[in-house]
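Since the structure is predicted, the reported quantities are computational estimates derived from the model, not experimental observations.
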Amino acid sequence: MRIRATVAAVSGALALAALAVPAANAADSAPSKADLFRAAHHAASGRTAFTGSTTAAAPYALNLKFSGVKVNNGKPIVVGTTAKVTAPVSFQVTHAADIDLSAEDIEFDVLLYRGTLSNPVNVLWGDNWPSCTNVSATVANCKNTIDIRPAEGDLLNSDATTFKALGYAYDWNDQDPYTDDSVDWSKVGYTEADALTLAKLQRASRLTVNASPEPVRKGATITVTGKLSRANWEDNQYHGYSTQPVKLQFRKKGSSTYTTVKTINTTTTGALRTTVKATVDGYFRYSFAGTSTTPAVTTAGDFVDVR
């Protein structure tokens with residue numbers, strides 16, 4: 001249900017005007033969530049601020065609303081280089097009494113996008129449709145996921161930014177967009193709600209530390225090295241994060257508290273290197289506070305035996 005490869009091929013947009021109906025692809029497979037969403041945008045272009053030419057028939061307004069949307073429990077979505085990331089999404093749906101959310105011809109979900117709605121840079125989807133629990137005859141609490149596969153090209157490094165959440169819903173009214181050659185849009189109920197909440201994506205970070213020599217004589221010099229790196233979503237590797245402030249911290253043996261010894265900057269390759277005098281047994285670690293695009297990370301302590 002991801003469209004990064006498709007987006008890249010059409011200049012980073014949903015290409016709303018390219019689809020008038022949810023057509024199957026060249027291999028005659030069923031249309032995806034992205035296909036249906038693009039088609040609904042095109043069909044509704046004469047009713048709302050969507051791009052694309054006006055169609056002869058437009059969907060009618062579906063009486064369904066989204067509220068209380070939360071993505072990843074309000075925390076940034078941190079994505080590495082290869083592993084699939086599944087971020088939980090929860091929301092509430094309020095609808096007319098004659099709408100049955102469990103009906104096969106009712107489909108709805110929440111997606112994430114960045115850019116403008118008429119020309120989004122990237123769109124992120126869930127693999128499945130949401131599951132819901134009815135609170136009343138017209139209100140339901142729903143859960144789903146946003147599923148991201150960096151190894152399959154879902155993200156560019158520029159996607160480490162803020163995305164908007166958009167809710168959308170269709171009532172196909174006994175039409176089957178997955179098998180029908182055409183859809184009578186005048187019989188389709190459609191609604192969407194933009195900017196329901198914001199979600200931030202971040203490039204996963206890594207940090208290492210090594211204090212040497214071990215053991216060391218009291219008063220001698222200890223060299224503490226390390227490296228700060230972060231995920232590159234375009235080549236699926238970790239690369240050094242340059243010129244970033246990182247704290248060197250120390251904890252005496254028997255203590256539970258780290259104190260900051262000094263702050264140094266990473267080199268252009270993300271490397272860290274500094275020296276301190278050996279005084280007592282204890283643990284050295286590096287700590288990075290993070291940036292808007294990269295999460296904070298702290299190493300475990302590296303023990304040095306001072307003799």
Side-chain angles (χ1 to χ4, degrees), residues 1-4 14 22 24 29-41 44 59 61-79 83-114 117 120 122-150 152 154-155 163-180 183 188-201:
M1 303 310 170
R2 304 163 310 283
I3 61 167
R4 164 51 63 192
L14 278 176
S29 63
S32 68
K33 277 187 176 181
D35 294 330
L36 296 177
F37 183 68
R38 285 193 294 263
H41 267 283
L62 186 64
N63 189 354
L64 183 148
K65 299 183 185 301
F66 296 85
S67 62
V69 176
K70 291 185 178 179
V71 178
N72 205 40
N73 299 311
K75 300 177 181 179
I77 303 172
V78 178
V79 183
K84 173 186 173 183
V85 173
T86 298
V89 179
S90 61
F91 55 93
Q92 188 169 87
V93 170
T94 302
H95 56 88
D98 61 351
I99 294 177
D100 180 4
L101 296 183
S102 64
E104 291 185 357
D105 55 358
I106 299 286
E107 292 179 330
F108 58 96
D109 205 359
V110 170
L111 59 80
L112 297 180
Y113 77 95
R114 75 177 182 94
L117 184 55
N122 195 5
V123 183
L124 302 173
W125 313 80
D127 287 349
N128 302 301
W129 296 103
S131 60
C132 299
T133 301
N134 290 329
V135 176
S136 69
T138 59
V139 179
N141 291 330
C142 303
K143 295 181 179 180
N144 202 8
T145 59
I146 295 293
D147 298 287
I148 305 171
R149 294 174 174 82
E152 297 181 18
D154 283 2
L155 300 173
F163 281 64
K164 294 179 182 179
L166 180 144
Y168 62 97
Y170 323 101
D171 185 345
W172 298 109
N173 284 303
D174 296 325
Q175 299 183 93
D176 188 349
Y178 299 97
T179 60
D180 291 350
V183 170
V188 176
Y190 179 70
T191 190
E192 70 175 33
D194 192 14
L196 294 169
T197 191
L198 301 177
K200 180 179 289 187
L201 263 66

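- Among all heavy-atom pairs drawn from P150 and A83, the shortest one is CD-O, 3.4 Å.
- With sequence neighbours left out, the side chain to side chain donor-acceptor pair (under 3.5 Å) criterion links N144 to D109.
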Exercise for the section: Could you please spell out the steps behind the salt bridge (Lys or Arg N to Asp or Glu O under 4.0 Å) verdict for D127 and R149? Expected result: CA-CA 11 Å; D127 287 349; R149 294 174 174 82; 2.8 Å; yes
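- Nearest heavy atom pair, residue V183 against residue V188, reads CG1-CG2, 3.7 Å.
- The shortest heavy-atom contact between P59 and Y190 is CB-CB, 3.7 Å.
- Residues K33 and L111 form no side-chain contact, since every pair of their non-hydrogen atoms from C-beta on lies 4.5 Å or further apart.
- Other residues, nucleotides and ligands contribute at most 12 non-hydrogen atoms within 6.0 Å of the NZ atom of K75.
- Taking the side chain to side chain donor-acceptor pair (under 3.5 Å) definition, one finds that S136 meets it with nothing, sequence neighbours left out.
- Residues passing the side-chain contact (heavy atoms from CB on, under 4.5 Å) test with A103 are D100, D105, I106, sequence neighbours excluded.
- Among all heavy-atom pairs drawn from P177 and P31, the shortest one is O-CG, 3.5 Å.
- Scored by the side-chain contact (heavy atoms from CB on, under 4.5 Å) test, A193 finds F66, L196 as partners (sequence neighbours excluded).
- For A199 against V71, the heavy-atom pair with the smallest separation is CB-CG1, 3.8 Å.
- Counting all heavy atoms, side chain and backbone alike, N122 lies closest to L124 at ND2-CD2, 4.0 Å.
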Throw together a table of side-chain donor-acceptor distances under 3.5 angstrom for residues 85-99, partners on residues two or more places apart or in other chains.
unit_1, atom_1, unit_2, atom_2, d
T86, OG1, D147, OD1, 3.0
Q92, NE2, N141, OD1, 2.8
H95, ND1, I99, O, 3.2

Below 3.5 Å, can you tabulate the donor-acceptor pairs from side chains in residues 163-170 to any protein atom, sequence neighbours excluded?
unit_1, atom_1, unit_2, atom_2, d
Y170, OH, F37, N, 3.2

